[in-house]
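Whatever order the structure lists ligands and atoms in, that order sets their numbers, starting from 1. Predicted model, so just to flag it, every value in this text is computed and none were measured.
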Amino acid sequence: MSIIRCEDLTLGYEGTAIINDLNFSVNTGDYLCIVGENGSGKSTLMKTLLKLKNPMSGNVILDEGLTQKDIGYLPQQTVVQKDFPAKVKEIVLSGCQSRGAFKLFYNSEDKALAHENMERMSITDLAERSYKELSGGQQQRVLLARALCAARKVLLLDEPVAGLDPMVTEQMYELIDELNKKDGITIIMISHDIHAAMKYASNILYIADDIFFGTKAEFKKHDIFKRYTLGQED
Ligand SMILES: Nc1ncnc2c1ncn2[C@@H]1O[C@H](COP(=O)(O)OP(=O)(O)OP(=O)(O)O)[C@@H](O)[C@H]1O
Ligand SMILES: [Mg+2]
């Protein structure tokens, strides 16, 4: 059953379109990888799925009773976020904010959920540390734990392994895969790592001048894949 459908979506800024007539859908349990060139509109699409940005035309339809509140989001990291002056446990807990209703205090249920997700990401021992003092890999784990506090059903990840060393990258991919396979969380991940996309994803959305959406097996046979991976093969 589809839980997210995009129909004839055109996205852009100040009247200039960057993605035209995009159609795709995501089913419960899917692992969708979004790949494509820098500046092609991948992050913009993710913000549109979260209703943080309006499309120029077309619709994002959430089915099966899914609301934006059930979607966890790990944004693309910015330099500002790297210097964020807060404790790890505060950042994870802030994932429990239901969007729209700003909470000044968190209840015991929120705190238990934050604790559970810190355990899951093996960062409990970092709880009292300041976020800005952590390594890149530790910071990504904190952001993933934060996103998990919101992700009851769906997790949106915008380049979750950017800047991580190969070993930590692999660990992150394994963690995300486990969330998908064991916990049944639907994953939508933006990545420039085509090898990981082809290893873990069930479906691929390629966004550049031309667009591809389909299963991993279909993508592998497609001309776009051959062109895109040219020079990226081992
Ligand atoms: N707030 C904004 N206002 C105006 N233009 C924007 C804004 N955010 C992004 N853009 C432009 O929209 C285009 C798509 O940006 P977006 O961040 O969605 O690309 P992306 O596919 O995520 O790229 P990358 O792989 O580099 O992260 C770019 O040309 C960018 O300059
Ligand atoms: Mg981006």
Side-chain angles (χ1 to χ4, degrees), residues 4-26 30-60 68 71-84 95 99 136-137 139-144 146-147 150-151 154-166 168-169 172-173 176 186-201 203-214 216 219 222 224-225 227-232:
I4 300 175
R5 271 185 298 142
C6 289
E7 289 183 350
D8 302 324
L9 214 54
T10 294
L11 307 179
Y13 295 92
E14 288 137 30
T16 307
I18 43 173
I19 297 181
N20 284 293
D21 290 326
L22 178 64
N23 287 281
F24 71 96
S25 61
V26 180
D30 277 359
Y31 189 140
L32 174 68
C33 235
I34 305 176
V35 295
E37 293 153 16
N38 288 131
S40 60
K42 302 178 297 299
S43 297
T44 302
L45 171 62
M46 220 167 237
K47 287 173 196 157
T48 308
L49 298 180
L50 288 158
K51 291 212 158 69
L52 298 174
K53 187 183 178 340
N54 290 323
M56 288 170 74
S57 62
N59 296 300
V60 175
Q68 260 79 20
I71 304 177
Y73 175 43
L74 189 155
Q76 190 166 8
Q77 262 221 24
T78 61
V79 178
V80 181
Q81 282 168 331
K82 284 191 202 302
D83 286 327
F84 199 64
R99 283 169 15 84
Q139 288 186 337
Q140 286 301 80
R141 279 170 184 266
V142 172
L143 295 181
L144 192 52
R146 177 185 190 276
V154 181
L155 194 54
L156 264 52
L157 305 164
D158 195 341
E159 301 195 29
V161 301
L164 304 185
D165 74 41
V168 178
T169 294
M172 277 294 272
Y173 283 139
I176 294 163
T186 304
I187 305 286
I188 302 178
M189 176 172 83
I190 297 175
S191 176
H192 289 290
D193 183 347
I194 188 69
H195 295 289
M198 296 310 278
K199 180 173 172 190
Y200 293 104
N203 300 300
I204 304 284
L205 175 62
Y206 171 86
I207 305 177
D209 289 340
D210 35 11
I211 288 173
F212 169 91
F213 172 67
K216 178 166 65 178
F219 189 52
H222 205 279
I224 290 180
F225 174 74
R227 244 186 299 138
Y228 187 55
T229 52
L230 210 66
Q232 286 197 35

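- Rounded to the nearest 0.5 Å, atoms OG1 (Thr48) and NZ (Lys53) are 6.0 Å apart.
- Considering each of Thr16, Ile18, Asn38, the one bringing a non-hydrogen atom nearest atom 24 (P) of ligand 1 is Asn38.
- At least one N, O or S atom of Gln76, from either the backbone or the side chain, sits less than 2.8 Å from the Mg ion (ligand 2).
- Side chains of Asn59 and Asp8: no donor on one and acceptor on the other come within 3.5 Å.
- Defined by atom type and a distance below 3.5 Å, a donor-acceptor pair is missing between the side-chain atoms of Ser40 and Tyr206.
- In this structure, atom 21 (O) of ligand 1 has a protein heavy-atom contact shorter than 4.0 Å.
- The heavy atom nearest to atom 28 (C) of ligand 1, out of those in Gly39, Ala208, Ser191, is found in Gly39.
- Taking backbone and side chain together, Ser43 holds an N, O or S atom under 2.8 Å from the Mg ion (ligand 2).
- Checking atom 11 (C) of ligand 1 against the protein gives a heavy-atom contact under 4.0 Å.
- At distances below 3.5 Å, at least one donor-acceptor pair connects side-chain atoms of Lys216 with backbone N or O atoms of Ala201.
- Contact analysis puts His192 in contact with ligand 1, with a non-hydrogen atom separation below 4.0 angstrom.
- With respect to atom 17 (O) of ligand 1, the closest heavy atom belonging to the protein is Ser43 CB, 3.7 Å.
- The nearest protein atom to atom 25 (O) of ligand 1, hydrogens excluded, is given as Lys42 NZ, 2.8 Å; this is a heavy-atom distance.
- Look at Glu159 and you'll find a heavy atom under 4.0 Å from some atom of ligand 1.
- The distance from ligand 1 to the heavy atoms of Ser40 drops below 4.0 Å at these ligand atoms: 19 (O), 21 (O).
- Nearest-heavy-atom check against atom 27 (O) of ligand 1 across Met46, Gln76, Lys47 picks out Gln76.
- Atom 15 (O) of ligand 1 has its closest protein heavy atom at Thr44 OG1, 3.8 Å.
- Exactly one of Asn23, Leu205, Asn20 qualifies for a side-chain contact (heavy atoms from CB on, under 4.5 Å) with Ile211. That residue is Leu205.
- When hydrogens are left out, the protein atom nearest atom 1 (N) of ligand 1 is Tyr13 CE2, 3.6 Å; that is the closest non-hydrogen contact.
- The pair Arg227-Asp210 counts as a salt bridge, with a side-chain nitrogen and a carboxylate oxygen less than 4.0 angstrom apart.
- Between the side chain of Asp30 and the backbone N or O of Leu32, no donor-acceptor pair lies under 3.5 Å.
- Each of Tyr228, Phe225, Phe213 was scored for a ring-ring contact (aromatic ring centres under 6.0 Å, His included) with Phe219, with one residue passing: Phe225.
- Side-chain contact, Asp158 with Tyr73: no donor N or O sits under 3.5 Å from an acceptor N or O.
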